[in-house]
Amino acid sequence: MATKTQEGAEAGTEAQGDETMVDAATEREAAQTDAVEEETAGEQDPAAEKEQEPGAAGEQEPEREKVPSGVGQGAGAVVAAALGFVSLSGGWIGTVAGAREQLVGQLRTSSTASVATQIKAVYGNSWHTTALWAGLFALAALLTGVVVLARPAFGTPGRPQAPWIKSVAWAGVALGVIGLLLAVLKYSDALLALPSAS
């Protein structure tokens, strides 16, 4: 009987030892799992950080400034040169306006009017109308060229204007000045005045 009791006590002690070892192993596994979870929580995914802080990515990456291509300035320079050329050549509008004024002068002038009156009404007014339209085109060319040349002062600092744009704009300004001067001289009869009727 004593032997059975001792064997039972030893078996109970061994069972308790096994349970203690199992409990210790379970506790170690739980501790390792908690440690891994803490480390994972401490290390955040970069994508998650970007999602959480949308403003931080915008602050770190510098914004690219929009650099003007100069297409508008180039187009303005070409328009200025074209308007200056039209002011010198007369242009379709000036020709039509002069022809209309000539027709109006013929209709309003009687056949009994003096030669000087007929010349002034038929040809003089037409000449002045053509000069007026040429002056308007010249003024438009001058203003457009000046705006194109002055545009870089109000744009992106430190960005130079393309040389060809400057050249064409200066050509438009020069043609505008010449056209405006000729228009004033023609309108005031200082250049190519009407012939005298006497």
Side-chain angles (χ1 to χ4, degrees), residues 55 57-109 113-198:
E59 292 174 0
Q60 292 174 358
E61 297 178 2
E63 295 181 1
R64 294 181 181 178
E65 296 181 359
K66 292 182 179 179
V67 180
S69 61
V71 174
Q73 296 178 28
V78 172
V79 167
L83 289 173
F85 178 76
V86 169
S87 72
L88 293 178
S89 64
W92 178 78
I93 296 177
T95 303
V96 170
R100 180 183 181 281
E101 195 63 31
Q102 184 176 1
L103 180 61
V104 169
Q106 288 176 351
L107 293 174
R108 290 184 180 175
T109 305
S114 64
V115 176
T117 304
Q118 289 181 8
I119 290 175
K120 182 179 180 183
V122 176
Y123 300 105
N125 292 342
S126 172
W127 181 249
H128 290 161
T129 302
T130 305
L132 179 64
W133 277 100
L136 290 176
F137 278 110
L139 185 61
L142 179 61
L143 292 177
T144 305
V146 168
V147 167
V148 170
L149 290 173
R151 177 64 180 89
F154 303 100
T156 305
R159 178 173 174 79
Q161 195 174 45
W164 73 269
I165 294 177
K166 285 184 180 179
S167 300
V168 177
W170 275 114
V173 169
L175 290 172
V177 169
I178 294 171
L180 190 59
L181 180 62
L182 290 176
V184 169
L185 291 176
K186 287 188 291 185
Y187 193 84
S188 63
D189 290 333
L191 180 67
L192 299 174
L194 290 173
S196 176
S198 57

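One-based numbering along the sequence shown. Only heavy atoms go into these numbers, but all of them, side chains included; no hydrogens, no water, no symmetry mates.
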Would you give the length of the straight line joining atom [atom1] of [X] to atom [atom2] of [Y], rounded to the nearest 0.5 angstrom?
| X | Y | atom1 | atom2 | result |
| --- | --- | --- | --- | --- |
| Tyr123 | Gln106 | OH | CD | 6.5 Å |
| Leu83 | Leu88 | CG | CG | 11.5 Å |
| Thr130 | Asn125 | OG1 | CG | 10.5 Å |
| Leu136 | Leu132 | CG | CG | 5.0 Å |

Shortest non-hydrogen separation from [X] to [Y] and the atoms involved:
| X | Y | value |
| --- | --- | --- |
| Gly84 | Ala141 | N-CB, 3.2 Å |
| Ala97 | Trp133 | CB-NE1, 3.4 Å |
| Ala80 | Gly145 | CB-N, 3.6 Å |
| Leu180 | Ala138 | N-CB, 3.2 Å |
| Ser87 | Gly179 | OG-CA, 3.8 Å |

**Request:** Not counting sequence neighbours, which residues clear side-chain hydrogen bond (donor to acceptor under 3.5 Å, both in side chains) with Thr95? List them please.
**Result:**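 Testing Thr95 for side-chain hydrogen bond (donor to acceptor under 3.5 Å, both in side chains), a comparison that skips the adjacent residues, returns none.
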
**Item:** Non-neighbouring partners of Gln161 that pass side-chain hydrogen bond (donor to acceptor under 3.5 Å, both in side chains), sequence neighbours left out
**Value:** Gln73

Who are the side chain to side chain contact (heavy atoms under 4.5 Å, CB included) partners of [X], not counting sequence neighbours?
| X | result |
| --- | --- |
| Val104 | Arg100, Arg108 |
| Trp127 | Lys186, Asp189, Leu192 |
| Ala77 | Val148, Ile165, Val168, Ala169 |

**Prompt:** ring-ring contact (aromatic ring centres under 6.0 Å, His included) with Tyr187: which residues, sequence neighbours excluded?
**Reply:** His128

